[in-house]
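For reference, the structure is listed below as structure tokens.
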Amino acid sequence: VHRLITYIFVYEDLISLACGAVIIWYFAGSFEKNVGTVKHCILTAAFSVLSALLYLCLEPLVSMLLEVGDAKGFMPVAFATLGVSSTRSRMKRTLLFGCRFPVVLVPWLGLCIAWFVPHSSLLGNLCGLLVGEAYGLGYCFCLDFPESVGSRLDRMFPFTLLKRIPGLKYIPGSLAERRASENSRINPVPGTYPTQSYHCPSPLALPAQPSAQSQGF
């Protein structure tokens, strides 16, 4: 049963490990900024378990037609987060490789590209994408919880420990707190940036009043 989660940490070689690190940094990082660290951790475990269960259900059927590789690495969970982002995105089209594609087709295009990643399981990635799109469309509403619960979990262990780790960026669970932290970076406190004093020359002397003759002219 523990392998339903631990398979996302299994890599065959350094190439697959490097690909997994890039995927975690890009997809998981952007997803965490949108939902917060607490919800990101919970959804990562949930997506991992649901993708593995769907994989176990489809693997006997698909193996009769094609050779199925074992699901390994973080890529199925990454496709789940990509599926959530694509289904809940307000954009209709996006620019990819110099061409405009519908946003809903971007995960499926990424699924074709991931086929060439070493030791990646096409069926495992497909299961992760299906789970993510099902969650994004609202079919897995039981995984959602209000922001008040996320804010309460922010003050509990082990999330309080994550806040104290130096170099680790913790994203709060409340949307208001996330926006406040973003605004604090965009609008810094006065005095935080170095200032430079400029020499202001004395104002130039005003010209003498024109004579009456020039005024008449």
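All values below were derived from every heavy atom in this structure, side-chain atoms included, with hydrogens, water molecules and symmetry-related copies excluded.
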* Could you state the interatomic distance from SG (Cys127) to OH (Tyr55), rounded to the nearest 0.5 Å? -> 8.0 Å
* Treat each ILVMFWY residue as a node, draw an edge where side-chain heavy atoms are under 4.5 Å apart, and state whether Tyr139 and Leu143 are in one component. => no
* **pair Cys41-Thr44: side-chain heavy atoms closer than 4.5 Å** => no
* Structure fact -> All heavy atoms of Gly124 vs all of Ser121, minimum pair found to be N-OG, 3.1 Å
* To do: Could you state whether Val49 and Tyr7 fall into the same hydrophobic cluster, counting links through intermediate Ile, Leu, Val, Met, Phe, Trp or Tyr residues with side-chain heavy atoms under 4.5 angstrom apart?
  => yes
* Of all heavy-atom pairs between Ile8 and Ser48, which one has the smallest distance, and what is that distance? -> CG2-OG, 3.7 Å
* Remaining members of the apolar cluster that contains Val38, side-chain heavy atoms under 4.5 Å -> Ile42, Phe145, Val149, Leu153, Met156, Phe159, Leu162, Ile165, Leu168, Tyr170
* **More than 12 heavy atoms of other groups within 6.0 Å of Ile15 CD1** => no
* Following the transitive rule for hydrophobic clusters with a side-chain heavy-atom cut-off under 4.5 Å over Ile, Leu, Val, Met, Phe, Trp and Tyr, establish whether Leu50 and Val10 coincide in one cluster. => no
* **Rounded distance [0.5 Å steps], CG in Asp70 versus CD in Glu12** => 8.5 Å
* Quick one: do Val77 and Trp25 end up in the same hydrophobic cluster if we chain Ile, Leu, Val, Met, Phe, Trp and Tyr together by side-chain heavy atoms under 4.5 Å apart? -> yes
* Asked: Do the side chains of Lys169 and Lys33 get nearer than 4.5 Å, heavy atoms only?
  -> yes
* Asked: Can a donor-acceptor pair be found between the side chains of Ser151 and Asp154 at a distance below 3.5 Å?
  -> no
* Passes side chain to side chain contact (heavy atoms under 4.5 Å, CB included), Ser120 versus Trp115? Steps please. -> CA-CA 7 Å; Ser120 65; Trp115 201 350; 5.5 Å; no
* Supply the atom-to-atom distance Ile171 CD1 to Asn34 CG, rounded to the nearest 0.5 angstrom. => 9.5 Å
* Asked: Could you go step by step and tell me if Ser86 and Val104 meet the side chain to side chain contact (heavy atoms under 4.5 Å, CB included) rule?
  -> CA-CA 5 Å; Ser86 63; Val104 293; 5.6 Å; no
* Asked: Looking only at heavy atoms, what is the nearest atom pair of Gly136 and Thr87, with distance?
  -> CA-OG1, 3.3 Å
* Would you name the heavy atoms of Phe74 and Tyr11 that are closest together and state the gap between them? => N-OH, 3.3 Å
* **Interatomic distance, Ile23 atom CD1 to Leu82 atom CG [nearest 0.5 angstrom]** => 10.5 Å
* Could you tell me which residues satisfy side chain to side chain donor-acceptor pair (under 3.5 Å) with Thr37, sequence neighbours excluded, listed by chain and number? => Glu32
* **Shared hydrophobic cluster for Val103 and Val84 (ILVMFWY, side-chain gaps under 4.5 Å)** => no
* Structure fact -> Between Leu129 and Gly83, the two heavy atoms sitting closest are CD1-CA, 3.9 Å
* Check step by step if side chain to side chain contact (heavy atoms under 4.5 Å, CB included) holds for Val117 and Cys19. => CA-CA 8 Å; Val117 177; Cys19 294; 4.1 Å; yes
* Among residues two or more places apart or on two chains, list those pairs meeting side-chain hydrogen bond (donor to acceptor under 3.5 Å, both in side chains) that have a residue in residues 122-138. => Trp108-Glu133, Tyr135-Asp144
* Between OG of Ser51 and CE of Met75, what distance do you get to the nearest 0.5 Å? -> 13.0 Å
* **Audit row: Leu4, Leu56, side chain to side chain contact (heavy atoms under 4.5 Å, CB included) steps and yes/no** => CA-CA 10 Å; Leu4 296 177; Leu56 292 176; 4.2 Å; yes
* Asked: Which atoms form the tightest heavy-atom contact between Leu123 and Glu59, and what is the distance?
  -> CD2-CA, 3.8 Å
* Structure fact -> dist Leu111:CG -> Phe79:CZ (nearest 0.5 Å) comes out at 5.0 Å
